[in-house]
Amino acid sequence: MSRVVRVLNVAEKPSVAKSVSNILSRNQGLRMREGRSRYNKIYEFNYSINGHPCQMLFTSVTGHLMELEFEDRYRKWHSCDPALLFQAPVRKFVPEDKLDIKRTLEEEARMCQWLVLWLDCDREGENIAFEVIDVCTSVNRHLTIKRARFSALIDRDIHHAVQNLDNANKYFADAVDARQEIDLRIGASFTRFQTMLLRDAFVIDSATDDRNLVLSYGPCQFPTLGFIVERYWEIQSHEPEEFWTINCSHRSDEGIATFSWMRGHFFDYACAVIIYEMCVEEPTASVTKVRQQEKLKYPPYPLNTIELEKRASRYFRMSSEHTMKVAEDLYQAGFISYPRTETDGFSPRTDLHAIVQEQQGHPGWGSYAQRLLDPASGLWRNPSNGGHDDKAHPPIHPTKFSSGESGWSQDHNRLYELVVRHFLACVSQPAVGAETTVEIDIAGEMFSASGRVILAKNYLDVYRFESWGGLLLPTYAVGQQFIPTTLTLDSGVTRPPPLLSEADLLSCMDKEGIGTDATMHDHIKKLLDRFYATKDPNTRFSPTNLGEALVMGYDDMGYKLWKPYLRAVMERDMKAVSEGNKSKAEVLETCLQQMKACFLDARLNKVKLFEAMAVFFERSNRPGGDEQHASGEFIRQCCLCQEADMVLRKNRDGNFMVGCLGYPQCRNAIWLPGSVSEAAVTTNVCNSCSPGPVYMIQFTFRRLEIPPNYSTNHLGCIGGCDEILRQLTEICGTGSRSAASGRGPATSSNVQRSNTRQGACIYCHQSGHSSGDCPSQSSGPRSVRPRTMNAQSGQISVSCSTCGAPCALRTANTTQNRGRKFYSCPSQECNFFVWEDNVSNGHAGRGFQRANVSGRSGARGRGGQGAGRATGGTFVSATGDPNSGRRCFVCGDPSHFANVCPNRGN
DNA sequence: GCAAGGTC
């Protein structure tokens, strides 16, 4: 008889310690006692491992026990150059809130001979296993260490795991160590760098207190932001293109059928008109094909975390972060299974019927559950498998019946209902429909219509979140002829894709491997918390100015730090480490070396970040931060605070300004043109500006940055009398803002992309000279971006970014934007367009973004040709009188439509 | 004051 072995078992979370204890003890003689941490109980029972009688102690941690941090002397933001964070020593330690768990482990480990690790069987779990080993072996070096590998919390797996104990896998743990270190070093260095660089240099109005604003960078949060910005840019740069299509409808006793043109649409108006006129001439339709098909609509795969978040967002507009909070509540209370799972297929050993049985009494879906269990209904179907398996948790499913609890919020009820209905749907037959497609021929042109009848709803009966729309189509027979009720030539414009919804964003992250199922919602929330993005009531995300500026800045540097590539490379390296093909040290060295080089380069190119920020934000004259101002030469007394002096200053970027020494009480500042290369205060006093004296400044401008008709030397005054200075400020912008509005190397901002024609002069559209030297602009060039003027008088007027002509304020009359006001250039060539609310919000206009004008029909037909009139149908010709309330798409004139616009094609 | 990953 061998001696009883005392075994310390450690799980990743309390629930697993409890489940495994229950399984192994078979609920016989299971005792529970408190540990030092209130969440992590200790279970005790007897068990026999490979014939050794064991006294089992089973406790848990709560995820990682340790954190990685820089050594103390590098932890303060100003303690070191952020570039040093790529080599600064780091240490792993148990944070304050985990110390009680650590103490429990130490106390129990001292009394044990074996340590069995029941952490989740993934890389993070393996890493946590080594954290536990670290803590336990430091108090008991004689421990025998074993790893239990299990894929589901079911009897067979657990008993198998404990009888086949394995060794912990250092490669897996190393991969996580590498990830942690890389994330920390990159995150901390870039975050400190860009925060300290930009926060004090600009007036960032998004935060209430921008002194505490952190402009964080992270290898997951930035690509997530990148998805949002990229889609936003895609929308911004979309050039709507007008197209033409022919629609046909036919009303009969059975109802109406709508036929669409099988050619789709034409972008060429003339071609469309020719074909349309042909159809109008001979409008008799002949049915050429009638096809009937049975179609199945399958229920969804079993539910995993990402799908739960996506569906809760789609169906209830719950944020992913809130969804996970509510799901955690339901899980803690025992109503649903573990909510953080990648698995979307049930193990064949799961007793699915038992789960359905529990739900039979529910007033909402109980009767469906009953039908499902009745073999006669034929409704049951073994669930399909989505192909993902985290080997640790089953798909999310109900674990306890409830018809609503008193403490539940509406969202608790909704989420529980979603989990239950989703589960019931998974074990149901697909919906069955009959689809009919009818094709007709009018004057040689083919049109088709389709309809669908649902024959059996099956899972759709319980899964009320999904529908399967379909119209009933009247009956047609091949060879049948009829005269269309309507035959119209309709125009439409191509539309940009919509902004990313939360579900879209989760899909992007999932696809590119950004974050894990347990952290994706955190990254999304972080973007909102950092003021990088906003979410509208339809759960669609837009970047804020801040978010867009940061992405633009890095993009202009040529670094794809905002793309998912970096994470993908890291993920590949992690995999190589976990497979033993690369060492942790090797991956750390190459990755950190590259990232450091990238960091140093980004710092050298910080002007790109400044430029991008300057597109959206005013420069701040706040002291501190990266832009220390030396006290400058006296110009005049400040006429705002009337107390302090205004002095000439130059910042580190070489930009000049005249600022009040009374800062921060007085924020009076006059920024000088970005084209100033030198500025010196003279003894000359301006004759016209008061109160005086106002000392004049001798300016030298950079030749290439000012129009040819301006001199490079200028004795100027900042008091307001100097017209040349005013013009150059307008043309060049101030500080680095000027570069972003057209000077110097082009930034790839969307503003630029949409308002300039690459490689050609923006005024005459010829190449060979820059816009600043255009011979057609005798009065000097204009700013590229649309300018708002007279803002102080309360009146805004917008001039066209291309031709400079004043724009008319118009009102949109489309489904999506009815009543919204916009400015557009009267000239057809410019295509300049901007929403009024974007102008007042400070957004620049874009090249062209017309409102939706699709579905507009023309006017009355050309007399009694064909049988249209005889049957009372409305035939619409490509020419004729306008309908009331509509405007020409091309010029906005309500007296005619685009198809007859006199300005068309000029 | 910084990341991302566990989890309560």
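- Atom CD1 of A/Ile128 is separated from atom CG of A/Asp134 by 13.5 Å, given to the nearest 0.5 angstrom.
- Under the side chain to side chain contact (heavy atoms under 4.5 Å, CB included) rule, A/Leu165 has a single partner from A/Arg147, A/Arg149, A/Lys146, which is A/Lys146.
- Taking side-chain N and O atoms only, A/Lys76 has no distance below 4.0 Å to OP1 or OP2 of B/dC2.
- Here A/Tyr331 does not reach the OP1 or OP2 of B/dT7: none of its side-chain N or O atoms lies under 4.0 Å away.
- A cation-pi arrangement is absent between A/Arg530 and A/Tyr532 under the rule of less than 6.0 angstrom and at most 45 degrees off the ring axis.
- One side chain, A/Asp177 or A/Asn127, offers a donor N or O that lies under 3.5 Å from an acceptor on the other.
- A/Arg567 has a side-chain polar atom (N or O) that falls below the 4.0 Å cut-off from OP1 or OP2 of B/dG5.
- The side chain of A/Arg530 places an N or O atom within less than 4.0 Å of a non-bridging phosphate oxygen (OP1 or OP2) of B/dA3.
- Between A/Arg75 and B/dC2, a side-chain N or O to OP1/OP2 separation shorter than 4.0 Å is absent.
- Residue ring and nucleobase are not stacked for A/Tyr217 and B/dA3 under a centre distance beneath 5.5 angstrom and an angle between planes beneath 30°.
- Phosphate contact (OP1/OP2 of B/dC2, side-chain N/O of A/Thr195, threshold under 4.0 Å): absent.
- The base of B/dC2 sits within donor-acceptor range of the side chain of A/Glu69, with an N or O pair under 3.5 Å.
- Near-neighbour residues of DNA chain B inside residues 165-184 of chain A, defined by a heavy atom below 4.0 Å, number-ordered: A/Arg179, A/Gln180, A/Asp183, A/Leu184.
- Both tests do not hold together for A/Lys563 against A/Tyr554: distance to the six-membered ring centre under 6.0 Å, angle to the ring axis within 45°.
- Without hydrogens or angle criteria, A/Ser37 side chain to A/Asp100 main chain gives no donor-acceptor distance under 3.5 Å.
- Distance from the side chain of A/Phe70 is smallest for B/dC2 among the nucleotides B/dA4, B/dG5, B/dC2.
- Taking only side-chain nitrogens and oxygens, A/His64 never comes nearer than 4.0 Å to OP1 or OP2 of B/dA4.
- No option in A/His523, A/His521, A/Met520, A/Lys310 other than A/His521 meets the side chain to side chain contact (heavy atoms under 4.5 Å, CB included) test with A/Ser320.
- Put simply, A/Arg185 has no side-chain N or O that comes within less than 4.0 Å of OP1 or OP2 on B/dC2.
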